[in-house]
2 protein chains.
Amino acid sequence: MESETKNNTCPFRLRASRDALEIIQGKWRIPIVISLTYGTKRFGEIQRDIGDVSPKMLSQELKALEENKIISRTLYDSMPVTVEYSLTPLGQSMNKLLDELLNWGNHFRKEIVG
Amino acid sequence: MESETKNNTCPFRLRASRDALEIIQGKWRIPIVISLTYGTKRFGEIQRDIGDVSPKMLSQELKALEENKIISRTLYDSMPVTVEYSLTPLGQSMNKLLDELLNWGNHFRKEIVG
DNA sequence: TATAGCAGTTACCTATGAGTAAGTAGTTAC
DNA sequence: GTAACTACTTACTCATAGGTAACTGCTATA
């Protein structure tokens with residue numbers, strides 16, 4: 001058991017949500033992580049998965065996710081240079097969060113869009 | 001059973017995540033919802049809970065959440081006008097999503113901040 | 001030789017998110 | 001009568017997010 005300083009207090013929950021939101025924030029980070037839950041992918045594959053992300057934004061957000069240890073970038077020095085992106089264990093730990101996000105997204109769509 | 005058109009396909013998950021992100025996006029919406037999970041509250045109470053939100057942003061984001069049917073606003077015509085905000089059933093349905101967000105936020109903090 | 005693909009980068013522009021400060025209208029407490 | 005609280009609104013500003021378009025250097029293919 002952890003020390004029972006209630007982890008349900010409002011200030012505690014607010015701080016935790018801010019930590020998470022800082023990483024998640026933006027239009028493209030979650031979509032990128034979702035794309036990578038299907039396995040290691042290359043720049044162009046992620047771009048095609050998402051469909052409407054520009055190379056500029058994709059590059060920028062991949063860097064941010066790498067800095068936050070959510071994804072890892074591997075460069076293969078093959079002759080047409082190959083780069084592969086994949087989720088780190090920390091990135092994989094977003095599994096349940098993503099599931100709930102998707103669950104709720106569907107629920108919301110059914111309720112509102114009808 | 002639902003029709004088994006795989007709800008796990010990448011395009012399906014991307015669409016669902018976008019629906020959810022559109023509502024969640026921004027610095028203040030999740031904190032507001034978290035504050036209201038502790039029950040019906042008034043403008044000033046939410047502001048004090050969150051601590052560093054300006055009345056302008058709070059007012060703006062409360063309106064957005066109301067438009068999306070996440071919260072409801074009730075005006076009491078008592079003599080100093082009283083306004084109360086509370087979660088709708090749709091807002092309450094964010095429960096699990098919030099839990100996972102907070103779980104992951106804590107996990108992230110432990111992993112990175114150390 | 002030319003076209004297309006890979007993995008981006010760079011420059012430029014605009015829209016929006018968010019902060020600051022002050023004001024409003026009514027009421028209550030000192 | 002004046003200060004303070006309630007629930008905001010308005011005006012102004014700045015920084016960032018995000019979009020568009022063009023360009024880079026390399027290689028493979030027709």
Side-chain angles (χ1 to χ4, degrees), chain A residues 14-15 17-36 39-68 70-87, chain B residues 14-15 17-36 39-68 70-87:
Chain A
L14 286 169
R15 195 194 66 175
S17 78
R18 287 203 184 191
D19 289 343
L21 283 173
E22 222 168 277
I23 308 305
I24 284 177
Q25 250 354 320
K27 197 172 171 183
W28 303 116
R29 296 189 191 176
I30 292 285
I32 290 169
V33 172
I34 289 176
S35 169
L36 290 177
T40 293
K41 291 201 172 161
R42 298 165 59 176
F43 191 91
E45 293 181 285
I46 302 170
Q47 200 179 359
R48 263 171 266 124
D49 266 0
I50 298 180
D52 53 351
V53 65
S54 68
K56 176 197 138 187
M57 287 309 293
L58 184 53
S59 166
Q60 181 183 300
E61 298 305 278
L62 284 168
K63 269 175 201 156
L65 288 168
E66 202 193 344
E67 271 165 28
N68 287 313
I70 309 293
I71 67 174
S72 62
R73 186 187 126 113
T74 317
L75 184 130
Y76 294 99
D77 237 4
S78 51
M79 255 322 116
V81 191
T82 300
V83 184
E84 286 190 344
Y85 295 93
S86 55
L87 293 181
Chain B
L14 286 169
R15 195 194 65 176
S17 77
R18 289 204 181 187
D19 289 343
L21 284 172
E22 223 167 276
I23 308 306
I24 284 176
Q25 247 2 315
K27 197 172 171 182
W28 303 116
R29 296 190 190 176
I30 292 285
I32 290 168
V33 172
I34 288 176
S35 170
L36 290 177
T40 293
K41 292 200 171 160
R42 297 165 60 179
F43 191 92
E45 293 181 284
I46 302 170
Q47 200 179 358
R48 263 171 266 124
D49 266 0
I50 298 180
D52 54 351
V53 65
S54 69
K56 176 198 136 186
M57 286 309 292
L58 184 53
S59 166
Q60 181 183 300
E61 298 305 279
L62 284 168
K63 268 175 201 156
L65 288 168
E66 203 193 344
E67 271 165 26
N68 288 313
I70 309 293
I71 67 175
S72 61
R73 186 187 125 112
T74 316
L75 184 130
Y76 295 98
D77 236 4
S78 52
M79 255 322 116
V81 191
T82 301
V83 184
E84 286 190 345
Y85 296 92
S86 55
L87 293 181

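Note that the structure is a prediction, hence the values are computed from the model and not measured. By convention in this document, chain letters (A, B, ...) are assigned in the order of the sequence lines, proteins followed by strands, and residues within each chain are numbered from 1.
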**Q** For C/dA7, does either OP1 or OP2 sit under 4.0 Å from a side-chain N or O belonging to A/Lys41?
**A**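 Checking A/Lys41 against C/dA7: no side-chain N or O falls below 4.0 Å of OP1 or OP2.
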**Q** Donor-acceptor pair, distance only, cut-off 3.5 Å: does the side chain of A/Gln25 make one with the backbone of B/Gly26?
**A**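 It does hold such a pair.
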**Q** Is the distance from OP1 or OP2 of C/dG8 to the nearest side-chain N or O of A/Arg73 less than 4.0 Å?
**A**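 So the side-chain polar atoms of A/Arg73 do come within 4.0 Å of the phosphate oxygens OP1 or OP2 of C/dG8, strictly under.
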**Q** Please give, in whole Å, the distance from C/dG19 P to B/Met57 CE?
**A**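 It is 6 Å, rounded to the nearest whole Å.
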**Q** Return whichever of A/Gln25 or A/Glu45 has its heavy-atom-nearest nucleotide of DNA chain C closer to the 5' end.
**A**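 The residue whose closest nucleotide sits nearer the 5' end is A/Glu45.
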**Q** Measure from the side chain of B/Thr82, starting at C-beta and using heavy atoms only, and say which of D/dA7, C/dG19, D/dG19 lies closest.
**A**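 Selected nucleotide (nearest to the side chain): D/dA7.
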**Q** Is there a side-chain contact between B/Leu62 and B/Ile46 in this structure, where contact means two heavy atoms from C-beta onward sitting under 4.5 Å apart?
**A**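 Heavy-atom side-chain distance check passes, below 4.5 Å.
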**Q** Consider the side chain of A/Trp28, meaning its heavy atoms from C-beta on, and name the nucleotide among D/dG19, D/dT9, D/dA7 that approaches it most closely.
**A**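 Comparing D/dG19, D/dT9, D/dA7 against the side chain of A/Trp28, the answer is D/dG19.
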**Q** OP1 or OP2 of D/dC8 less than 4.0 angstrom from a side-chain nitrogen or oxygen of B/Ser59, does that happen here?
**A**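 For B/Ser59, the contact criterion (side-chain N or O under 4.0 Å from OP1 or OP2 of D/dC8) is not met.
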**Q** Identify, between A/Val53 and B/Glu84, the residue whose nearest nucleotide on DNA chain D lies closer to the 5' end.
**A**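 So the residue in question is B/Glu84.
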**Q** Could you tell me which non-hydrogen atom of B/Trp28 sits nearest to which non-hydrogen atom of B/Glu61, and how far apart they are?
**A**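 Reported closest heavy-atom pair: CB-CG, 4.1 Å.
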**Q** Quick one: A/Ile32 CD1 to D/dA17 P, roughly how many Å, whole number?
**A**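 Distance, rounded to whole Å: 14 Å.
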**Q** Applying side chain to side chain contact (heavy atoms under 4.5 Å, CB included) to A/Leu75 and A/Arg73, what does each step give before you reach the verdict?
**A** CA-CA 7 Å; A/Leu75 184 130; A/Arg73 186 187 126 113; 3.5 Å; yes
**Q** Starting at CZ of A/Phe43 and ending at P of D/dC26, how long is that distance when rounded to a whole Å?
**A**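 Atom CZ in A/Phe43 sits about 19 Å away from atom P in D/dC26.
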**Q** In whole Å, I'd like the distance from the OH atom of A/Tyr85 to the P atom of C/dC6.
**A**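 My rounded result for the distance is 14 Å.
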**Q** Looking only at the side chain of A/Pro55 (C-beta and beyond, no hydrogens), which of the listed nucleotides D/dT27, C/dA18, C/dT9 gets closest?
**A**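 For the A/Pro55 side chain, the nearest candidate turns out to be C/dT9.
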**Q** Is the shortest side-chain heavy-atom distance between A/Ile24 and B/Leu21 below 4.5 Å?
**A**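 Yes, side chains in contact.
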**Q** Considering only side-chain heavy atoms of B/Lys56, which listed nucleotide, D/dG19, D/dA11, C/dT9, is closest?
**A**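 Of the candidates, D/dA11 comes closest.
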**Q** Which of the following nucleotides, D/dA28, C/dG8, D/dC8, is nearest to the side chain of A/Val83?
**A**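 Closest nucleotide to the A/Val83 side chain: C/dG8.
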**Q** Specify the separation, in whole Å, of atom CG of B/Leu58 and atom C1' of C/dG19.
**A**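 Interatomic distance, CG of B/Leu58 to C1' of C/dG19: 14 Å.
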**Q** At less than 4.0 Å, is any side-chain N or O atom of A/Tyr76 found next to OP1 or OP2 of C/dC6? Yes or no.
**A**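 For C/dC6, OP1/OP2 do not have a side-chain N/O of A/Tyr76 under 4.0 Å.
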**Q** Which of the following nucleotides, D/dG18, C/dT20, C/dA7, is nearest to the side chain of B/Ser54?
**A**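 The closest nucleotide is C/dT20.
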**Q** At under 4.0 Å, does any side-chain N or O of A/Arg42 touch on OP1 or OP2 of C/dC6?
**A**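 A/Arg42 to C/dC6 OP1/OP2: no side-chain N or O under 4.0 Å.
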**Q** Ignoring backbone atoms, test whether A/Arg48 places a side-chain nitrogen or oxygen under 4.0 Å from the OP1 or OP2 oxygen of C/dC6.
**A**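 Yes, such a contact exists.
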**Q** Rounding to an integer number of Å, can you tell me how far B/Gln47 CD sits from D/dT9 P?
**A**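 It works out to 13 Å between those atoms.
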**Q** In whole Å, what is the span from the CG atom of A/Asp77 to the C1' atom of D/dG25?
**A**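 Taking atom C1' of D/dG25 as the reference, CG of A/Asp77 is at 14 Å.
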**Q** Taking atom P of C/dT16 as reference, at what distance in whole Å does atom CD of B/Gln60 sit?
**A**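 It is 12 Å, rounded to the nearest whole Å.
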**Q** If we only count heavy atoms from C-beta on, is the A/Thr82 to A/Phe43 side-chain gap below 4.5 Å?
**A**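 Answer no - side chains too far apart.
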**Q** Between D/dA17 and B/Lys27, is there an OP1 or OP2 to side-chain N/O distance shorter than 4.0 Å?
**A**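 Looking at the OP1 and OP2 atoms of D/dA17, neither is under 4.0 Å from any side-chain N or O of B/Lys27.
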